[in-house]
Amino acid sequence: MPFRVTWSNLLDNVEELPADATLLTPVSQKPFQITDVQQHRMLIEYQTGSETVPLQREQFETLFQRVDDAAGAFDLDRLPPGAEPYATVASLHPRFTIDDRDGTLSESETPTASPLVDAHTVEHNDTSREEPDISVYADSLLLIDALEQHDVTSLTDLEMPTLVNLYTLLSDVQRNANDLRQDVRGVLLDRLHHDQPVSGQYGSVQRTARKNRTLKDDETVLERLEAQGIAPERIMSIDASKVDDALEVTALSESDVYDIEESEYVRKADVDEEMKQTRLQGLKDQLAGADEDTTELQAEIEELEQRITDLTSFDSGTSYHTRSTGG
């Protein structure tokens with residue numbers, strides 16, 4: 001198919017995007033928006049800056065040709081610096097697809113939506129807020145409420161019940177947040193396909209690997225080290241379990257053979273879930289009320305506050321008159 005036809009189809013699909021659609025670069029995951037579509041180029045802006053970047057028609061032609069030369073699957077790691085947006089926009093064409101797990105741009109016979117556009121389109125609507133049904137949300141809301149009520153910059157000035165509440169909520173948030181973090185990490189590991197950092201709005205992540213070492217059985221270790229001239233007694237250590245067995249049949253105390261260092265810590269012993277739910281429902285009701293139009297109510301409150309101020313303040317040069325209720 002001639003490139004002019006491919007280009008025309010691509011322009012049609014780009015122009016059908018919502019005006020506020022947010023796209024992501026396939027490797028670094030940088031968000032950007034298409035600000036203008038012209039006959040021979042497109043203009044984009046990254047959300048992290050206000051600079052306008054042009055995407056030229058001839059560069060798209062080169063990219064499509066590379067996909068064709070690669071037998072239909074082009075490795076996105078081969079993109080030159082600054083060329084990632086070309087791949088994202090190219091995936092808007094019905095015949096070209098990005099696989100964000102394999103990190104490839106390929107030609108397809110079946111039209112597919114771009115995972116870097118549809119999943120990240122910013123939609124604005126008037127629907128009411130919906131709270132996520134996860135534990136960390138509820139506990140975080142309660143913790144925020146507690147932090148707003150108390151000055152935690154001076155913990156020593158807080159009363160005992162307040163400190164207990166803070167510790168309980170912090171513990172719950174930490175536990176539930178870590179559970180959710182583990183779930184998110186599992187999904188990220190499935191999608192990260194290289195060691196290059198991937199950026200989001202608040203930070204970046206990178207797939208890394210680390211080694212966890214566990215010794216083979218003692219006989220194997222000693223045998224192999226001895227074969228290399230290492231005497232067994234040089235690496236032999238006292239087995240703590242055998243020492244404990246020996247203590248039971250001797251007059252020695254634990255401190256005779258152990259260096260003991262005690263440390264104290266605070267452990268969350270109980271949680272009043274009923275009280276948490278009561279307070280949480282109150283906060284949810286407040287949030288729901290905040291979404292309503294309160295302009296008229298606020299005006300009435302301000303008028304009432306002003307009347308109270310006028311009536312309770314003293315000024316020797318001011319005389320007060322009651323407001324007439326007649327016409």
Side-chain angles (χ1 to χ4, degrees), residues 1-125 187-188 190-194 196-201 204-205:
M1 179 181 297
F3 178 71
R4 58 180 177 80
V5 178
T6 302
W7 176 249
S8 178
N9 290 337
L10 179 60
L11 291 182
D12 290 342
N13 281 273
V14 170
E15 289 177 342
E16 290 178 359
L17 285 176
D20 57 358
T22 299
L23 295 79
L24 292 177
T25 55
V27 178
S28 59
Q29 299 285 291
K30 294 174 61 177
F32 68 94
Q33 292 183 316
I34 300 175
T35 58
D36 192 17
V37 179
Q38 302 173 4
Q39 187 59 37
H40 296 288
R41 67 176 185 173
M42 303 176 197
L43 302 180
I44 69 168
E45 284 186 5
Y46 290 101
Q47 288 188 353
T48 54
S50 57
E51 180 184 2
T52 298
V53 179
L55 304 182
Q56 304 293 346
R57 178 184 187 274
E58 57 268 23
Q59 297 299 327
F60 280 103
E61 184 173 9
T62 299
L63 177 59
F64 286 136
Q65 184 59 51
R66 288 189 177 183
V67 173
D68 186 64
D69 293 342
F74 176 75
D75 189 349
L76 295 176
D77 287 333
R78 296 173 55 195
L79 286 171
E84 286 188 56
Y86 283 93
T88 299
V89 176
S91 69
L92 296 175
H93 192 284
R95 290 194 301 108
F96 291 87
T97 303
I98 278 184
D99 188 322
D100 54 355
R101 294 189 179 186
D102 294 339
T104 59
L105 174 65
S106 59
E107 192 168 1
S108 173
E109 296 295 333
T110 304
T112 57
S114 172
L116 300 178
V117 179
D118 292 352
H120 304 281
T121 299
V122 179
E123 297 180 355
H124 301 284
N125 52 55
V187 176
L188 281 173
D190 289 338
R191 298 187 179 182
L192 295 173
H193 55 272
H194 46 64
Q196 183 171 350
V198 176
S199 300
Q201 182 179 1
S204 61
V205 296

- Item | Donor-acceptor pair, side chain of W7 and main chain of H40, under 3.5 angstrom | no
- Query: If every non-hydrogen atom of T88 is compared with every non-hydrogen atom of L24, which pair is closest and at what distance?
  - Reply: OG1-O, 2.7 Å
- Message: How close do A21 and L17 get, counting heavy atoms only, and between which atoms?
- Response: CB-CB, 4.3 Å
- Distance col, row E61:CD vs Q56:CD, nearest 0.5 angstrom, shows 13.0 Å
- Message: As an exercise, state the distance from OG1 of T97 to CG of L105, rounded to the nearest 0.5 Å.
- Response: 8.0 Å
- Task: Taking side-chain hydrogen bond (donor to acceptor under 3.5 Å, both in side chains) as the test, write out the residues that go with T62, two or more places apart.
- Result: none
- Query: Are there more than 12 heavy atoms of other residues, nucleotides or ligands under 6.0 Å from atom CD of Q38?
  - Reply: yes
- Query: How about V53 and P85: do any of their side-chain heavy atoms sit closer than 4.5 Å?
  - Reply: no
- Query: Using the ring of each side chain (for Trp, its six-membered ring), is Y46 parallel, tilted or perpendicular to F32, with breaks at 30° and 60°?
  - Reply: perpendicular
- Message: A side-chain contact here means heavy atoms from C-beta on lying under 4.5 Å apart; do R4 and R57 qualify?
- Response: yes
- Query: What's the spacing between L23 CG and I34 CD1 if we round to 0.5 Å?
  - Reply: 5.0 Å
- For the pair F60 and T6, evaluate side chain to side chain contact (heavy atoms under 4.5 Å, CB included) and give the outcome as yes or no after the intermediate values. CA-CA 10 Å; F60 280 103; T6 302; over 6 Å; no
- Note on the structure: Closest non-hydrogen contact found for K30 with T25 is N-OG1, 2.7 Å
- Minimum side-chain heavy-atom gap L79-Y86 below 4.5 Å: no
- Query: Heavy-atom distance under 4.5 Å between the side chains of D99 and S106, does that happen here?
  - Reply: no
- Task: Looking only at non-hydrogen atoms, find the nearest pair between A87 and I98 and report the distance.
- Result: O-CD1, 3.4 Å
- Message: For a 4.5 angstrom cut-off between non-hydrogen side-chain atoms, does L92 reach E16?
- Response: no
- Would you mind reporting whether M42 and L11 have side-chain heavy atoms less than 4.5 Å apart? yes
- State, to 0.1 Å, how close V67 and E107 come at their nearest heavy-atom pair, and which atoms those are. CG1-N, 4.0 Å
- Query: If only atom types and distance count, is the side chain of D68 paired as donor or acceptor with the main-chain N or O of F64 below 3.5 Å?
  - Reply: no
- Message: Within the structure provided, determine whether Q33 and E45 are in side-chain contact (heavy-atom separation under 4.5 Å).
- Response: no
- Nearest heavy-atom pair of A90 and L63: which atoms, and what distance? CB-CD2, 4.1 Å
